[in-house]
Amino acid sequence: DEEALIMSPARAQAVAEVNALYKDIADEMGVLYYATGDDFVIEPGMFWTEVHMTYEGTQQLAELYAQFLLDNDLIPQLETD
């Protein structure tokens, strides 16, 4: 059931709490940290289990990570012809 794969409010809260802890640790260590937020839109078909993404979900997440790396000058922008 596709609906069962969408994150419950309790699970969403737990993920937010863990992300906040990771952010605090990153801040203490002086390193960048990225967690998906509103930019990662969960839609039917993006997950095949509650935690495992389909190709489409993985592709969207990879694009967000790449943009974060580019925005923070951590990887060079590739030039296209």
Side-chain angles (χ1 to χ4, degrees):
D1 175 336
E2 288 273 334
E3 194 64 29
L5 299 180
I6 303 298
M7 211 179 283
S8 70
R11 185 175 184 149
Q13 181 178 347
V15 168
E17 290 174 9
V18 169
N19 285 342
L21 290 172
Y22 288 155
K23 175 80 170 95
D24 289 345
I25 293 167
D27 289 345
E28 287 177 18
M29 296 180 72
V31 297
L32 294 174
Y33 173 72
Y34 172 76
T36 59
D38 294 338
D39 52 349
F40 185 65
V41 180
I42 298 175
E43 298 175 353
M46 291 182 63
F47 288 82
W48 58 274
T49 70
E50 289 181 5
V51 296
H52 297 99
M53 288 186 271
T54 62
Y55 172 82
E56 291 79 12
T58 303
Q59 181 69 34
Q60 181 182 345
L61 190 57
E63 290 171 5
L64 292 171
Y65 287 147
Q67 191 61 55
F68 174 81
L69 295 172
L70 288 167
D71 291 346
N72 288 281
D73 296 321
L74 298 171
I75 59 172
Q77 176 70 50
L78 297 178
E79 294 187 27
T80 58
D81 295 327

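In this text, all values refer to a predicted model and were calculated from it rather than measured experimentally. Positions are given from 1 along the sequence.
- Under the 3.5 Å distance criterion, the side-chain polar atoms of Thr54 are matched with a main-chain donor or acceptor of Met46.
- For the residue pair Gln59/Glu63, the side-chain donor-acceptor check at 3.5 Å is satisfied.
- Across all their heavy atoms, Thr36 and Leu61 have their closest contact at CG2-CD1, 3.2 Å.
- Ring geometry, Tyr34 versus Tyr65: the interplanar angle exceeds 60°, so the pair is classed perpendicular (tilted spans 30 to 60°).
- The distance from the CG atom of Leu78 to the CD1 atom of Ile75 is 7.5 Å, given to the nearest 0.5 Å.
- Across Met53 and Phe47, no two heavy atoms sit closer than the pair CG-CE2, 3.3 Å.
- Closest approach of Gln77 and Leu70 over heavy atoms only: OE1-CD1, 3.5 Å.
- For Gln13 and Glu17, the side-chain atoms include at least one donor-acceptor pair closer than 3.5 Å.
- A continuous path of ILVMFWY side-chain contacts below 4.5 Å connects Leu64 to Leu69, so both sit in one hydrophobic cluster.
- Of the inter-residue distances, the one linking Tyr33 atom OH with Asp27 atom CG reads 10.5 Å to the nearest 0.5 angstrom.
- Contacts of Leu21 classified as side-chain contact (heavy atoms from CB on, under 4.5 Å), with partners at least two apart in sequence or in another chain: none.
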